[in-house]
Every structure is written in C-alpha cells, then in structure tokens.
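All chains are named by letter (A, B, ...) in the order of the sequence lines, taking the proteins before the strands, and each is independently numbered beginning at 1.
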Amino acid sequence: MESPPRLSNRRALSRALTRASRASVADCLAAVASSPHDPATRIGITGPPGAGKSTLIARLAATRLEARARMAVLAIDPTSPISRGSILGDRIRMDTVAEHPGLYIRSIPSRNAHDGLADNICEMLMVLDKHGFDEVILETVGVGQADYEIRNLVDTVVLVLVPESGDAVQAMKAGILETADIYVVNKCDCAGAEQMLHDIRSVVDYRHVEPGEWRPPVLSASITDDSIAELDEAINAHSLWRDDHNDADLHRRARLRYHVESLMSRRVAELFDEARSDLLQRPIREVYAELARKLGEVL
Amino acid sequence: MSLKGKRILIAKPGLDGHDVGAKIITLALRDAGADVIYTGLRKSPDYIARVAADEDVDAVGLSILSGSHHTLLAQTLDELAKLGAANIGVFIGGTIAPQDTQALLEMGALGVFTSEMSLNDTLSALEAALS
Amino acid sequence: MTTETKPEPAPAFTPSGIEVPVLVTPEMLGNPDPGLPGQMPYTRGIFANGFRGRRWTMRQYSGFGSAEESNERYRFLLDQGQTGLSVALDLPTQCGYDPVDIVASAEVGKVGVSLSNLAEMEVLLDGIDLGAISTSFTINSTAAIIFAMYLAAADNAGVPRASLSGTIQNDILKEYVARGTWIFPVKPSMRLIADSIVYANQESPRFNPISIAGAHVRDAGCTAAEEIGYTLANGLAYVNELLARGVDIDSFARRLSFFFYVHMDLFEEVAKFRAARRIWARLLQERYDAKDPRSLLFRFGVVCGGSSLTAAQPLNNVVRVGTETMAAVLGGAQSIFTSAYDEAFQIPTEQSAELALRTQQIISHESGIADTVDPLGGSYYVEYLTDRMEDKILRVMQEIDDYGGVVKAIEEGYIQMRIVERARERKRQVDAGQRIVVGVNRYQRDEEHAGFGEVFRQDPDNRRRIIAKYEAIRDRRDNVRTEKALKALASAAIHDDVNLMPLLVECCHAYATVGEMVGELKRHWGEFQEPPLRA
C-alpha cells in the first residue's frame with residue numbers, strides 16, 4: 001500500500017486548535033458564520049477511567065489508518081476543579097501509533113464542561129473538519145452517565161468497560177449504557193470478564209429493538225488478541241447501517257442544539273466571571289433576570 | 001501565582017530513568033493551573049518536538065539527570081525549529097552543574113531549574129518567562 | 001515565681017515519622033535484650049565477631065567513558081588500597097542499546113563505561129586478576145548479559161569460574177519503580193533473573209547473582225522504613241519466583257544480598273539495618289522454612305551520599321558522607337561506597353573520588369567504631385527505634401500485600417505513586433524550612449557556587465572512538481558463529497523451561513553485542529509499558 005500523504009499543515013492546524021479552544025463565545029459565534037465544511041466521520045469512545053480507552057484507540061487508529069489517509073484523535077482529560085489545571089495523560093498510551101504521518105493527536109482539558117467533553121469541543125471539531133480529516137476519534141473523560149452527551153457529536157458511540165467497572169456500570173444504567181452503538185469489554189483475560197459480558201448482553205437484549213434497527217454488538221478485547229479487527233468491522237457495519245437508516249436532518253439538529261446549549265452555558269460562565277462581585281448577594285430572581293438580560297445582548 | 005491555561009509538556013529525553021523530579025514538576029504545574037502533558041521515559045528530541053508542536057504547548061520542560069543536557073537541549077531546539085515551532089520555549093530541570101547554567105541559557109533555554117530551587121521559585125520564574 | 005515549669009519541648013520525629021522521646025528509659029523497650037550477633041534474629045549483626053573478623057569492602061562506584069579510561073581509573077583505585085571494583089555502566093548498555101543506536105547518541109560513555117561486547121569487557125579488566133578481586137556491576141535489565149560477558153572474559157583469561165566473586169545488581173523490580181532502566185515486561189524479566197541466579201549457583205558459587213536494592217526508591221524520596229519495606233517485598237518476589245521453579249530455598253537464599261542508601265538521621269539509619277536483619281531472618285525461617293543458617297543472613301552494601309548531598313556549598317557533603325559512613329558501620333554493612341562531595345552535580349574528579357575513599361579509611365582505621373561488634377547494641381534509644389522501625393517496615397510490606405502483591409502494585413503504578421507523594425512531601429518540607437538542609441534552606445551564602453575545585457570533563461571524542469571499536473569488532477568476529485548463537489538464544493526465549501544463561505555466554509563468546517542479544521529477546525517478549533502518572 002502506498003504511504004498516505006503527510007499532513008502538510010500540522011503546525012497551522014495545532015495553532016488553530018489552540019485558538020478555537022481558547023475562543024470566547026463571541027469569537028466562536030463569529031467563526032461559525034462562515035460556511036461550514038463537511039464534517040469528518042466521528043467515532044466517540046467512552047467508558048470509565050482505567051478502562052484502557054487510550055490504548056484501545058491507539059490500536060484502532062492504527063487499523064483504520066490502513067484504509068484512510070488522515071485521522072485525528074481528540075483525547076479529553078478532566079480539569080481539576082481546585083487548581084483548574086490538568087494532567088493530560090492519554091497521549092502516552094498512544095505512542096505506538098504516534099509516529100504515523102497521517103495521524104494527529106491532541107490532548108484537551110475538560111475545563112468547565114461536566115459532560116465528559118470539553119469547552120469549545122464543537123469549535124475544535126470544526127477546525128478538524130476544515131483540515132480535511134477522514135475520520136476523528138473523540139475520547140471522553142469517562143465520568144459516567146454524563147458522557148451520554150457525546151452521542152450528539154459523533155456518528156458511532158463505542159462504550160469500553162473492564163471487568164472491574166461494575167460500580168461504574170451501575171452509575172451508567174440510566175444513560176450511556178443503554179444507548180451505545182458498540183460495547184467492548186476490555187482486558188477480557190482478567191477475572192470477571194465473563195460476568196461483565198453477560199451483564200452487558202442482558203442490558204442490550206432488554207433494549208427493545210424494532211426490525212431494521214441497529215442491534216449493538218458486545219465485543220471482548222484484550223492486549224493479546226486481534227479483536228481490534230472485530231471492532232473495526234463493527235464500526236464499519238454501524239456506519240453502513242447509518243447510511244441507510246439515519247435521519248441526517250434529525251442528527252444535524254441534535255448537533256446544533258448541543259452546540260447552542262454549550263455556547264449558552266459557557267456564556268453564562270463568562271457572565272459570572274465578568275459580573276460585579278456583589279451579583280450573588282442579590283435574590284435569585286434578580287440574578288436570573290440580570291443574566292438573562294445580558295444573554296439577550298447580541299455578541 | 002498562576003499558570004492557568006498554559007499548556008506545558010514535561011519530557012524525559014535520552015535514557016535517564018530518574019523520573020520523580022519530572023513527576024513532581026508535572027503535579028506542581030497542574031496545581032498552579034497549567035494543562036500538563038508528561039511524556040514518560042526515553043523520548044527522543046525528535047519525538048518531544050513533534051508532540052510539542054502538535055499539542056501547541058507554550059513550553060517544554062526537559063528533565064535530565066544524566067549529564068547530557070547540552071546535547072539534548074541543542075537537539076530539541078533544533079527539532080522544534082524544523083517543525084516551525086521555534087516559538088515554543090524549552091526549560092531544563094535535573095542535575096545540572098552550576099557552571100553549565102549560563103551556557104544552557106545562552107543556547108536558548110528559557111530557564112534552568114535544579115532540584116534545590118524551591119518549587120515556588122521555579123513556578124514564578126516560569127510564569128514570568130511565559131507571560 | 002517558683003512554681004513556673006519549663007515548657008515541654010516540641011515533639012520531634014525521625015524522617016520516617018517515628019516520634020523521638022526526649023529520653024528513652026528501659027521500661028519503654030519491649031524486649032530489652034537484643035540477643036547476640038551471629039545468632040537469630042541477627043539484630044546485632046550477622047557475624048559473631050563483627051568487623052574484627054573482616055572489615056567491610058570499600059567499593060567505590062566508578063567507570064566512565066571508554067573501557068580504556070575506566071581500566072586506568074580502576075588500577076589507580078586498586079593501587080590506593082581499594083579492595084573491590086564497582087563498575088558503572090553507561091545508559092545505553094543498561095537499557096540494551098548498542099552505541100550506534102540513535103536513541104543512545106547523547107549518552108554513550110556518559111554515566112559509566114560502554115560495554116557493548118566481550119572485547120570491551122576484556123579491555124576493561126586488562127591487567128586485573130579476576131580471581132583475586134571482587135567486581136560489582138550496577139546493571140539490571142541487561143544483568144544476565146553482563147554476567148555472561150564477565151564469565152566469558154574469565155574463560156578467556158583462564159580464570160576458573162568458581163573462583164570469581166562479585167555482584168550484579170540484577171534487581172529489575174525497583175527499576176520499574178524508581179530507576180527506569182527496564183526493557184522487558186515484568187514476567188520475562190523475572191525469568192531472566194531466576195535463570196541467572198540458578199546458573200550462578202552452579203557455575204560461580206562465590207558470585208552474588210543479585211543485589212536487591214532499596215537505594216533508588218530511597219533516593220527518589222521514600223522514607224527509610226519504606227526503603228526497607230519495598231525492598232524486602234521485592235526480595236520475597238524473587239524468592240517466590242525461584243521457589244515456583246522448584247528450586248530449594250537453601251540452595252540460593254545465602255546468595256541474595258541487598259543494597260541501600262544511608263541518609264543523615266544516624267540512629268534511624270542504624271535502626272533500619274538492625275530491624276531489616278531481624279525481619280529477613282524471621283521471614284526466611286518462619287515463612288520459607290530455610291534450614292541452612294546462612295540462608296537467614298541479611299547481607300547488604302550501602303551508598304553514603306546520594307540525594308542527601310547538595311550542589312549548594314558542596315564541601316559540606318564531606319561532613320554528610322562522614323556521618324553516613326558512621327551509620328553504615330554502626331549498622332553493620334558488608335560493603336560501603338562513599339560518594340564524592342561533587343556527585344550532586346557532576347562525575348567526580350580524581351581528587352574528590354580519592355577524598356571519598358579516604359573518608360571511610362579514616363573511619364575504619366582511626367575512629368575505633370569498628371573495633372567491637374554492634375557498639376550501639378543495648379542503647380535504650382537504638383533498641384527503641386529498632387523495634388519501631390520493625391513495626392513500620394512490616395506495615396509497609398502489609399500494605400503491598402493488601403494491594404495484591406508487588407508485581408501488581410508496580411504494573412499499576414501504585415508504588416510509583418507512593419514514592420512521588422513522599423518526594424513531594426519532602427520537597428514541601430524543605431521549601432517551607434521545616435526540614436533543615438544546611439546551605440540550601442539555612443545558612444545559604446549569596447556566592448553560593450564558590451569552591452568547586454577541579455571540574456571533571458569527559459573526552460568529547462569518546463563516542464566516536466567507542467563506535468569505531470564497535471564497528472571493528474563486528475567486522476572482525478566470526479559472524480557465522482554469532483548468527484548461530486543469536487538464533488539459538490531467540491528460539492530458547494520462547495521456552496520458559498530453558499535456562500538462557502549458557503546461550504548468553506555463547507553469544508558473548510561469539511562477540512554478539514548487547515543490542516543484538518536484547519533485540520532477539522525483545523522480539524519475543526516485547527517491552528514494559530509504563531503505567532500512567534497517578535496522582
């Protein structure tokens with residue numbers, strides 16, 4: 001196979017991502033005014049911390065790069081609520097593929113986002129669209145059921161669990177656990193893997209599936225087998241299914257809604273930061289009215 | 001003091017395996033508000049520069065206790081320049097003979113921080129260098 | 001006012017966190033009789049006559065640049081009265097890269113000597129009688145290879161293997177935690193260690209095939225109690241590995257030795273060694289049912305210096321090393337390395353290296369502290385501290401057991417995290433002035449870097465010459481034999497029940513390089529994956 005073309009403008013891309021990540025809400029709105037590019041295919045990988053998401057992504061990316069020229073990985077790590085700093089640790093798990101000339105990896109702190117994603121994630125994804133990536137893998141923080149929101153941004157949601165994530169599974173019952181498109185039980189050579197597979201299968205089976213609807217596969221993976229190929233195929237299968245069944249307009253509207261909601265919630269945070277220190281001394285109705293008024297101002 | 005919003009890469013170039021200092025500075029930077037990537041052991045200057053450029057960090061810290069700081073700094077600066085990322089500053093920490101500090105600064109190091117400096121002094125100096 | 005009483009002094013603690021009473025009285029001791037040296041539980045020493053029978057080995061760690069330069073330094077130190085060699089190897093050799101490897105480029109011959117093949121080993125040992133000295137190699141992930149090379153060098157020099165004495169560090173577990181020169185994953189690394197221990201027992205029974213080291217975790221920041229606790233836990237992991245192969249405990253336990261740092265709290269350091277001897281002897285007897293009394297003996301070497309030395313006011317380090325050497329002698333060490341005062345920032349000069357050796361010679365011959373066995377035995381305070389150290393050490397070992405064993409704790413980065421926590425705590429205390437370090441946070445001088453004396457500079461042409469020699473040996477050797485030896489090594493690596501040592505010795509005889517041997521093993525075994533930073 002011919003080697004894929006090198007990403008020629010990596011440095012420009014990385015600086016554009018920095019600008020997008022730091023942009024104010026006003027700047028974000030100004031940026032989307034121009035005509036949007038066709039979005040890249042997006043795969044979301046979620047699951048509790050320690051499930052081996054990053055290592056799995058590295059292997060998945062390596063496999064998918066055989067058929068694609070350019071892929072990007074956005075890996076989100078949590079921002080410390082105390083210091084507002086973060087340790088972005090996913091990247092070193094991806095060293096095995098980091099050398100690939102067609103791959104771009106970017107580590108992102110969650111900042112104010114509480115849904116497993118990050119501030120301005122929509123803007124950053126748009127920067128990637130503009131740079132012509134074939135596919136983007138988005139790794140969430142993995143905080144539990146909140147990671148449900150990722151489905152608004154991606155085409156396929158992969159939930160990664162490990163035999164030890166029993167408690168996490170309980171916490172996810174109401175959200176992501178019931179809506180993922182593909183399930184992976186990682187580290188399947190560890191004790192308890194069979195039980196976990198069984199539990200997930202029963203959750204999936206419980207989901208009411210109409211004829212023609214997507215039936216989520218439950219895969220097992222470990223470092224020693226070639227289960228990545230299975231995951232790769234499952235993603236392709238889901239992608240084909242989507243081409244026939246997905247309501248593109250519905251999906252577009254869901255993305256737009258998520259985007260607007262996150263901008264508004266960031267704008268509220270900005271307003272609190274800008275507000276006079278006595279704002280929160282006032283009664284709740286007044287605070288609300290004040291913020292609502294300011295939200296109404298055109299940026 | 002705040003390094004809030006600064007992106008910093010802490011790297012272990014070469015083969016030296018003493019990583020506690022690198023880990024302490026990683027945590028200290030996080031606690032000062034920075035977003036920190038730690039590479040882990042045995043990274044080549046070429047790899048470090050590529051990660052720094054792709055991640056668009058504000059600065060790279062090289063932790064070196066093997067005495068190879070001159071070579072590794074020179075190589076890292078060189079690789080950054082090749083990637084069009086010469087604007088990314090590089091600072092050095094570890095076991096550095098006091099008489100070497102000046103030479104490293106002249107080569108272009110943003111700062112030289114040894115383990116005997118207090119963490120606060122190190123962070124303040126870094127903050128000043130990055131503002 | 002006559003009723004006024006003096007205020008109670010503020011509480012004091014040892015660096016391990018043991019509260020230090022203002023006065024210790026006999027009632028505060030559990031068992032005031034520590035027993036006798038040379039007898040269970042060996043608190044007072046492993047030999048009945050202490051240093052009166054035999055002094056400790058003075059073993060200065062050195063080696064740098066090329067084999068020729070190191071050989072010259074060794075001969076100098078042997079002429080000065082040193083009784084053992086300690087070989088420092090450069091990082092490429094320690095991490096399994098040949099000097100031509102691109103990742104090695106900045107480090108060839110830097111922190112030790114480059115030993116990529118048997119020819120270099122022969123130059124290193126030229127003119128030194130291997131049957132008459134003991135040689136210690138600070139080598140871990142490639143320890144089996146360097147040991148094989150040493151055996152091959154002895155074979156070529158006509159020295160019987162049975163007459164060789166010395167030590168290879170060969171302690172991979174602490175490399176994953178604190179020193180970082182790992183190559184392979186934990187499991188095959190443990191196999192390589194077991195192979196070398198079994199082989200050493202058969203071929204060179206006077207050679208110590210492992211020196212289980214706490215020095216590096218200590219230097220990285222943990223306390224004296226953790227240093228011993230983690231190291232004994234590692235030691236037991238090696239014991240278990242050998243027992244799992246069906247090897248009899250008494251056939252190897254007497255060849256296990258240990259290696260620690262000595263830091264500045266003199267009595268705590270002495271207590272640490274006394275407690276460690278007692279715990280090890282009891283574990284081997286009670287848990288492992290060792291019958292041979294020699295299996296119970298906790299033998300150890302030490303380094304005086306390390307991270308207790310400062311770059312600020314470097315001559316102060318002479319006093320630190322002197323104090324620490326006394327702790328090592330009073331603690332009953334079998335070998336002592338005294339650091340040079342300039343080691344905190346450079347490779348020691350000949351002058352500073354000599355002063356370091358003189359320090360222990362003065363303590364040995366002039367101070368008189370080595371003339372009676374365990375002179376501190378029966379001291380209320382030292383016995384009190386020994387008991388409390390023992391408790392603390394056992395708690396550290398229990399914590400690791402509770403986590404699921406030392407291998408799991410290392411693979412998941414648990415011990416690494418504990419060490420970083422400790423190091424941060426120590427840094428915070430020094431920064432805040434709660435822990436005084438003279439010259440660093442107390443009594444600093446503005447003109448801080450005056451008085452280094454001579455500065456050691458390496459020959460910048462070293463790397464080129466090392467590479468030239470390396471290329472030459474690869475041209476000169478019998479490449480058919482080399483290929484064959486490497487192939488045999490590769491196919492044996494797949495089978496757990498084959499001892500790899502004879503195959504490595506043959507590779508060395510065939511002038512295969514360290515990088516080639518490691519390459520074959522890496523292909524089958526893969527590499528260790530560093531756990532992410534936990535905090």
Side-chain angles (χ1 to χ4, degrees), chain B residues 10 12-31 36-48 62-76 94-102 112-123, chain C residues 90-92 94-95 97 102-107 110-111 175-176 178-182 216-217 219-222 307 310-312 314 342-347 416-417 419-424 426-428 430-433 437 439-441 448-449 452 455-456 458 529-535:
Chain B
I10 296 295
K12 286 291 302 178
L15 301 177
D16 160 45
H18 297 89
D19 57 2
V20 169
K23 289 173 174 173
I24 288 179
I25 196 72
T26 297
L27 296 172
L29 287 165
R30 189 264 323 257
D31 292 345
V36 199
I37 301 169
Y38 169 56
T39 61
L41 296 179
R42 285 188 219 166
K43 303 304 177 192
S44 66
D46 159 64
Y47 171 92
I48 292 165
L62 302 178
S63 161
I64 309 167
L65 287 83
S66 67
S68 306
H69 35 268
H70 291 112
T71 321
L72 292 167
L73 173 65
Q75 289 174 351
T76 306
T95 306
I96 312 291
Q99 61 269 29
D100 288 354
T101 301
Q102 195 51 39
V112 177
F113 308 116
T114 64
S115 60
E116 281 170 28
M117 283 178 73
S118 80
L119 277 174
N120 276 339
D121 289 351
T122 299
L123 295 172
Chain C
D90 72 353
L91 284 165
Q94 293 189 49
C95 298
Y97 299 105
I102 189 75
V103 299
S105 65
E107 331 254 12
K110 270 278 168 59
V111 297
E175 293 296 325
Y176 297 123
R179 196 167 166 274
T181 70
W182 38 260
H216 312 91
V217 293
D219 218 33
C222 73
S307 67
T310 63
D342 50 357
E343 214 196 60
F345 50 87
Q346 66 184 15
I347 290 179
Q416 292 90 317
M417 176 195 71
I419 289 171
V420 171
E421 281 173 358
R422 278 282 183 249
R424 290 185 87 194
R426 187 167 80 173
K427 180 72 183 145
R428 194 187 49 73
V430 173
D431 282 1
V437 183
V440 172
N441 62 5
E448 174 174 340
H449 299 310
F452 286 107
V455 170
F456 179 81
Q458 283 185 354
Q529 297 300 313
E530 242 182 296
L533 174 59
R534 282 169 59 169

Roughly how far, to the nearest 0.5 Å, is the [atom2] atom of [Y] from the [atom1] atom of [X]?
X	Y	atom1	atom2	answer
Lys43(B)	Asp46(B)	NZ	CG	12.0 Å
Ile48(B)	Gln75(B)	CD1	CD	9.5 Å
Arg42(B)	Leu91(C)	CZ	CG	9.0 Å
Leu15(B)	Ile64(B)	CG	CD1	12.0 Å
Asp100(B)	Leu73(B)	CG	CG	11.5 Å
Glu343(C)	Ser307(C)	CD	OG	11.0 Å

Heavy-atom cut-off 4.5 Å, strictly under: side chain, backbone, both or neither for [X] against chain B?
X	answer
Pro532(C)	neither
Glu107(C)	both
Ser105(C)	side chain
Ala220(C)	both

Quick check on [X] against chain C: is it the side chain, the backbone, both or neither that has a heavy atom closer than 4.5 Å?
X	answer
Ser68(B)	both
Thr26(B)	side chain
Leu72(B)	side chain
Ser66(B)	both

Give every donor-acceptor pair under 3.5 Å between a side-chain atom in residues 18-25 of chain B and any protein atom, sequence neighbours left out.
residue, atom, partner, partner atom, Å
His18(B), ND1, Asp16(B), OD1, 2.9
Asp19(B), OD2, Lys23(B), NZ, 3.4

_For the interface with chain C, which of Gly40(B), Gly94(B), Pro13(B) has the highest count of heavy-atom pairs at distances below 4.5 Å?_
Gly40(B)
*asked:* Let's test your reading of the structure: which of Lys427(C), Arg179(C), Arg428(C) forms the most heavy-atom pairs below 4.5 Å with chain B?
replied: Lys427(C)
_Under a 4.5 Å cutoff for heavy-atom pairs, which residue among Ala432(C), Ala423(C), Gly180(C) has the most contacts with chain B?_
Gly180(C)
*Sort out for me which residue in Leu29(B), Leu27(B), Asp31(B) forms a side-chain contact (heavy atoms from CB on, under 4.5 Å) with Val36(B).*
Leu29(B)
